[in-house]
Amino acid sequence: MPGLHIGAARARADISDTALRHRDPQENAPVQTLPPPLDRLRLPAIVAPKFLTSTPDLVVAACRSGLLGAFPALNHRTSDGFEAWLTEIQTYLADSPDAAPYAVYLIVPKTNPRLAADFDIVVRHKVPVVITGFGASPEVVEAVQSYGGIVFHDVATRGHAEKVARSGVDGLIALGAGAGGHMGHLSPYAAVAEIRKVYDGLLILAGAMSTGADIVAARAMGADMACMGTRFIATSETEVSQAQKDIMVAVGASDVVVTPNLTGGQATFLRPSLRAAGVDPDAIPPVGGPDATLESRASRDIWWAGQGVGAIGDVPNMAQLCDRLVGEYREAVRRIAIDPVAADGAVMTRRSGSG
Ligand SMILES: Cc1cc2nc3c(=O)[nH]c(=O)nc-3n(C[C@H](O)[C@H](O)[C@H](O)COP(=O)(O)O)c2cc1C
């Protein structure tokens, strides 16, 4: 499988050194390259870590297809089970030397009672990419970098990006509006532009992207990679019901409802699944209120998805979807390359000719 080579690989040290340097808009953007181990990716894309739906099968399928497959450590209910999943993933990927690297998502605040045990497992297994959320920790970053791994952290604003970059992370994941799960609030254009004013390290955009052209758009905007979650729920390897996959093909972006009432943070849910679970999508009661069964129904029967669901039209397998994303990516690049404005002087020539 061909790796992603867009020039000489930028070493991690360069990324850290430049992470907090303000970007001069007049300056040429650095050559967009991905550092090891991301240079093994076929596309600059992460199959996002998703509560419940990211399993070892999905991660292995993503990595074998050339995408960075990620899963939350907490998707297994015990630390021993999490370690068994890691061993399973490593065993399967050992048969595919060209496979892309995988990532584990860790909730870092000390309120996560499993943090110490799960992090010990991450370090012992030398997990190549660690995505952290809810608290950037220099200790975590140092420990992962000491065995050659890299760390990304979720951010939603410029201020947050500045703060997190100081922890020494190797990349930031900017959550834009429309993302599935706990979404961001800024338009992706606004988020990337303002984060790029203060951070010129590896930037990954997340939110409402479902096609290869979307990945090109993210890179054109100034991000280096895309992080896509919702699109990959509608794949044959994802262990959710056929009913959920069918709904994801049928609905549009306006069927995504945002509420803080089910998880405590603003999160995105599919309107038809709320109705089927007996919850009025326009008057969602808070978990912890009079409806004692709401919490268990919310995690089991109410489905998360971002606005990118509107672009989903089928349920392919991971390899088919990855091939399609590559095709769409190349087609989008070709389309942009022949845009008249892209050709030097073309617009001026046309104007002077018409006068
Ligand atoms: C079903 C679902 C579950 C998710 N669970 C998590 C999670 O446990 N932790 C997390 O950081 N992000 C979670 N996310 C967010 C994703 O990691 C990613 O940021 C998001 O899916 C990107 O936006 P998109 O879904 O529009 O592609 C979840 C997203 C979805 C759709």
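We count ligands from 1, going down the list as the structure has it; atoms in each ligand are counted the same way.
For G133, the heavy-atom gap to ligand 1 stays at 4.0 angstrom or more. Look at S54 and you'll find every heavy atom at least 4.0 Å from all atoms of ligand 1.
With sequence neighbours excluded, the residues forming a salt bridge (Lys or Arg N to Asp or Glu O under 4.0 Å) with D282 are R271, listed by chain and number. In this view, D57 satisfies the side-chain hydrogen bond (donor to acceptor under 3.5 Å, both in side chains) rule with no residue, not counting sequence neighbours.
In the vicinity of D154, heavy-atom distances shorter than 4.0 Å reach the ligand 1 atoms 11 (O). If you number the atoms of ligand 1 from 1 as listed, the ones under 4.0 Å from a heavy atom of I233 come out as 1 (C), 31 (C). For ligand 1 and G178, the ligand atoms under 4.0 Å from any heavy atom of the residue are 26 (O). Under a 4.0 Å criterion applied to the non-hydrogen atoms of L175, ligand 1 contributes the atoms 19 (O). Here is the list of ligand 1 atoms found below 4.0 Å of a heavy atom in M228: 27 (O).
For the pairing with L86, the side-chain contact (heavy atoms from CB on, under 4.5 Å) check across R124, H76, H125 returns one residue only, H125.
Distance check: D224 CG to L38 CG gives 9.5 Å after rounding to the nearest 0.5 Å.
For atom 15 (C) of ligand 1, the nearest non-hydrogen atom from the set A48, C227, G180, A253 belongs to G180.
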